[in-house]
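This chain uses plain numbering: 1 for the first residue, then up along the sequence.
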Amino acid sequence: MLRIVAILHNPAGSTGHIGNILQAQQHEFRVLCPLAGDPLPEADSFDAAIVFGGKMSANDCNTLPELLAELLWIRSVVESGKPFLGICLGAQLLAMAYGGKITRHAEHVVEIGYYHLYPTVEGFSDIFADMPERFFQWHNEGFTLPEGAVKLVASDAFPNQAFRLGAHAYGFQFHPEATPEQIRYWHTRDSEELSNPGAQTVASQWTYQERFNEDIRRWLNSFLDKWLRK
């Protein structure tokens, strides 16, 4: 049993499939929201860390001291050698912590829905050999790779979708944790974003969700097992 800490950026947020899988495996799973006042955990209080997404930009570190503190904390976790996983905003913060840049698409294209990902040679040999055909995404910014990062997958619109730093730190732009309940909540909360260029229709998203949800959950289960055993 491992002590795993999950960082959310909304106290009403969810850890989705990731929380479900890790708790079913009897790991000690602690959820914190520093932007709502929770202190960042001390290094000796956990064995692995996951930072989830959020509506803000990683560039908001300039105006949100809590987010800047989280950025510095992420770097300390990675340098400790403990397993680290950043998802969406968490991946962008990981990239920024090591010199990556966070920007909008040149044509302001977004990815909201289920999109193809294309593994690199390194990605195929690492964790993407048996990947689903599509993964769920919800973002309007992307990141450049920091120095020393290993690129793992790309999409048609965003060249950097996943990367690894060292042996234990991963950043995913996509959302493998997203459950149908989370997606429905995002559709309601952020319905105006569905009109942005590149976003899929709600009907298309639900069609893809029914087709790929179980494949994504199965891949995620395999990834988490490999990640925590490295």
>> Quick one about R217 and T179 (side-chain donor to acceptor, distance below 3.5 Å, no hydrogens or angles considered), yes or no?
In response: no
>> Less than 4.5 Å apart, side chain to side chain, heavy atoms only: is that true for I50 and L22?
In response: yes
>> Do D156 and Y118 have side chains that approach each other closer than 4.5 Å (heavy atoms only, starting at C-beta)?
In response: yes
> For the residue pair Q205 and Y114, what are the closest heavy atoms and their distance?
Replying inline: O-CE1, 3.4 Å
> Is there a donor in the side chain of T201 and an acceptor in the side chain of S204, or the other way round, less than 3.5 Å apart?
Replying inline: yes
>> As a quick check of understanding, evaluate side chain to side chain contact (heavy atoms under 4.5 Å, CB included) for I4 and R30, giving each step before the final call.
In response: CA-CA 6 Å; I4 302 171; R30 182 165 42 131; over 6 Å; no
> Does one side chain, of Y208 or N213, offer a donor that lies under 3.5 Å from an acceptor on the other?
Replying inline: no
> Are H17 and W219 close enough, and set up right, to give a ring pair (Phe, Tyr, Trp, His ring centres under 6.0 Å), and what steps lead you there?
Replying inline: CA-CA 11 Å; H17 287 312; W219 175 87; over 10 Å; no
> Does a side chain donor of either H9 or E70 reach within less than 3.5 Å of an acceptor in the other side chain?
Replying inline: yes
> So, does S222 use its side chain to make a donor-acceptor pair with the main chain of R218 at under 3.5 Å?
Replying inline: no
> Hey, are E193 and W186 close enough side-chain-wise for a donor-acceptor pair under 3.5 Å?
Replying inline: no
>> Checking the side chain of H27 only, and the main-chain atoms of M1 only, is there a donor and an acceptor separated by less than 3.5 Å?
In response: no
> Distance only, no hydrogens: is a donor on one side chain within 3.5 Å (strictly under) of an acceptor on the other, for H175 and Q182?
Replying inline: no
>> Tell me whether L35 shares a hydrophobic cluster with V77, the cluster being built from Ile, Leu, Val, Met, Phe, Trp, Tyr side chains joined at under 4.5 Å.
In response: yes
>> Count I, L, V, M, F, W, Y as connected when their side-chain heavy atoms are under 4.5 Å apart, and connections chain through other members. Are L117 and V109 then in the same cluster?
In response: no
> With no hydrogens and no angle check, do the side chains of E28 and Q23 hold a donor and an acceptor under 3.5 Å apart?
Replying inline: no
> Hey, any chance L152 and F84 share a hydrophobic cluster, counting ILVMFWY side chains that come within less than 4.5 Å of each other, even indirectly?
Replying inline: no
> What about F163 and F143, are their ring centers closer than 6.0 Å?
Replying inline: yes
> For the atom pair CG (L145) and NZ (K101), what is the distance rounded to the nearest 0.5 Å?
Replying inline: 13.5 Å
> Does the pair D215 and E133 meet the rule for a side chain to side chain contact (heavy atoms under 4.5 Å, CB included), with working shown?
Replying inline: CA-CA 9 Å; D215 289 343; E133 183 179 332; over 6 Å; no
>> A quick test of your reading: do over 12 heavy atoms of other residues, nucleotides or ligands sit less than 6.0 Å from CZ of F124?
In response: no
> Any sub-3.5 Å donor-acceptor pair from D47's side-chain atoms to R3's backbone N or O?
Replying inline: yes
> Taking all atoms of both residues into account, what is the closest heavy-atom pair of A6 and F52, and its distance?
Replying inline: CB-CE1, 3.7 Å
> Strictly under 6.0 Å, is that where the ring centroids of F172 and F223 end up?
Replying inline: yes
> Roughly how far, to the nearest 0.5 Å, is CD1 of I102 from CG of L93?
Replying inline: 7.5 Å
> Between N62 and N59, is there a donor-acceptor pair closer than 3.5 Å when you use the side chain of the first and the backbone of the second?
Replying inline: yes
> So if you build clusters from Ile, Leu, Val, Met, Phe, Trp, Tyr with side-chain heavy-atom gaps below 4.5 Å, do I7 and V78 land together?
Replying inline: yes
> What distance separates R164 CZ from L85 CG, expressed to the nearest 0.5 Å?
Replying inline: 13.5 Å
>> Side chains of R134 and H116: any donor to acceptor distance under 3.5 Å?
In response: yes
> Between atom CG of N140 and atom CD1 of I112, what is the distance when rounded to the nearest 0.5 Å?
Replying inline: 7.5 Å
> Using the ring of each side chain (for Trp, its six-membered ring), is F135 parallel, tilted or perpendicular to F174, with breaks at 30° and 60°?
Replying inline: tilted
>> Is it true that, when you exclude D225 itself, more than 12 heavy atoms of the residues, nucleotides or ligands shown sit nearer than 6.0 Å to its CG?
In response: yes
>> Are there over 12 heavy-atom neighbours, none belonging to K55, within less than 6.0 Å of that residue's NZ?
In response: yes
> CD of E214 to CD of Q209: how many Å apart, nearest 0.5 Å?
Replying inline: 10.5 Å
>> Ignoring hydrogens, what is the shortest heavy-atom contact between Q173 and N160? Give both atom names and the distance.
In response: CB-O, 4.3 Å
> When you measure from the side chain of D38 to the backbone N and O of L32, does any donor-acceptor pair fall under 3.5 Å?
Replying inline: no
> Would you say S45's side chain and P41's backbone share a donor-acceptor pair under 3.5 angstrom?
Replying inline: no
> Under 4.5 Å between any side-chain heavy atoms of V51 and L89, yes or no?
Replying inline: no
>> Restricting to non-hydrogen atoms, name the atom on P34 and the atom on L40 that form the minimum distance, rounded to 0.1 Å.
In response: CG-CD2, 3.6 Å
> Can you find a heavy atom in the side chain of Y170 that is under 4.5 Å from one in the side chain of L94?
Replying inline: no
>> Would N221 and Q25 count as a side chain to side chain contact (heavy atoms under 4.5 Å, CB included) here? Give the steps.
In response: CA-CA 10 Å; N221 189 81; Q25 294 175 348; 3.7 Å; yes
>> Starting from V110, can I reach F136 by hopping between I/L/V/M/F/W/Y residues whose side chains sit under 4.5 Å apart?
In response: yes
> Taking side chain as C-beta onward, heavy atoms only, is L71 less than 4.5 Å from L67?
Replying inline: no
> Does the ring centre of W73 sit less than 6.0 Å away from the ring centre of F46?
Replying inline: yes
>> Between S57 and E141, do the side chains contain a donor N or O and an acceptor N or O under 3.5 Å apart?
In response: yes
> Considering residues, nucleotides and ligands other than E107, do more than 12 of their heavy atoms fall under 6.0 Å from its CD?
Replying inline: no
>> Does any part of the side chain of L228, heavy atoms only, come nearer than 4.5 Å to the side chain of L2, both counted from C-beta?
In response: yes
> Can S155 and E111 be counted as having a side-chain donor-acceptor contact under 3.5 angstrom?
Replying inline: yes
> K151 versus Q161: any side-chain heavy-atom pair under 4.5 Å?
Replying inline: no
> Shortest non-hydrogen contact from L165 to E147?
Replying inline: CD2-O, 4.3 Å
> Are I183 and W138 side-chain neighbours, meaning at least one heavy-atom pair lies under 4.5 Å?
Replying inline: no
> Got a second to check how far I18's CD1 is from T15's OG1, nearest 0.5 Å?
Replying inline: 7.5 Å
> Closest heavy-atom contact between V153 and A162?
Replying inline: CG2-CB, 3.3 Å
